[in-house]
Amino acid sequence: MNEKACKSIDYTTFVCNNIVNQVKWLLCNRTLRDMFFYMSLLRLMEKIMNKPFLPVEKQIEQLKVERGLLFQNEESAKELLLRYGYYEIINGYKEHFMNSSKDDNEGFKEGTTFEHIYSLFTFDRNLRTQVMSSLETFELSLRQAVAYTVSENISYMQDEYMNRNNYTSGKKAIY
């Protein structure tokens, strides 16, 4: 291995180790609720550190030869893998198309195409977008309804409902 490649690997290892150390620090300094997010991020980083880089052409070859995935249009698949990444498309949605969800080496079910997996990826992305849009609309409507009701019923008592002493902190009392 040449010196440039060794430096590149050393730098990649340094970056990954730095991220792992930051996640470990966050785990020690965050609430229990936040720990689940950071733990999953840490597991992802450990997986990434143990896998070698594969160019998109080799990713497609591995999917075809070793796992039996079919491609209707390899050039399009190459562009999509470059745009969204292998992890987002393949790893995020492959379990429904695999012969065994526990072992990738068992390959994909017969007749499964990259386009099937990408269609599920696209459907999920569009569904998330629609749900978020609907939630935003709901939030605006609810906020307006609450503001209108408060204003209608107690706006004449503005000094009372604006007084912080009339509210509790929300902390539960321990008995």
Inset, instruction - Would you please say whether a donor-acceptor pair under 3.5 Å links the side chains of Tyr93 and Asp124? - result: yes
Legend entry - N/O donor-acceptor pair under 3.5 Å between Glu115 side chain and Phe71 backbone: no
Inset, instruction - Please confirm whether the backbone N or O of Tyr148 pairs with a side-chain atom of Ser151, one donor and one acceptor, at under 3.5 Å? - result: no
Inset, instruction - Report the C-alpha separation of Arg67 and Glu106 in whole Å, then their side-chain angles, then the decisive distance to 0.1 Å, and conclude whether the salt bridge (Lys or Arg N to Asp or Glu O under 4.0 Å) test is met. - result: CA-CA 7 Å; Arg67 305 219 175 109; Glu106 299 228 0; over 6 Å; no
Inset, instruction - For residues Phe97 and Phe108, establish whether the separation of their ring centroids is below 6.0 Å. - result: no
Legend entry - Atom pair NZ (Lys94) and CG (Leu63), whose distance is rounded to the nearest 0.5 Å: 9.0 Å
Inset, instruction - State, without any angle test, whether Ser119 and His116 hold a side-chain donor-acceptor pair at a distance under 3.5 Å. - result: no
Inset, instruction - Using a 4.5 Å cut-off on heavy atoms from C-beta on, say whether the side chain of Arg125 contacts that of Thr122. - result: yes
Inset, instruction - Check whether any side-chain heavy atom of Tyr86 sits under 4.5 Å from a side-chain heavy atom of Val56, and report yes or no. - result: no
Inset, instruction - Could you check Glu79 against Leu82 for side-chain contact (heavy atoms from CB on, under 4.5 Å), going step by step and ending with a plain yes or no? - result: CA-CA 5 Å; Glu79 290 175 18; Leu82 284 170; 5.8 Å; no
Legend entry - Co-membership, hydrophobic cluster, residues Val146 and Phe138, 4.5 Å side-chain: yes
Legend entry - Spacing of Leu80 atom CG and Arg83 atom CZ [to the nearest 0.5 Å]: 6.0 Å
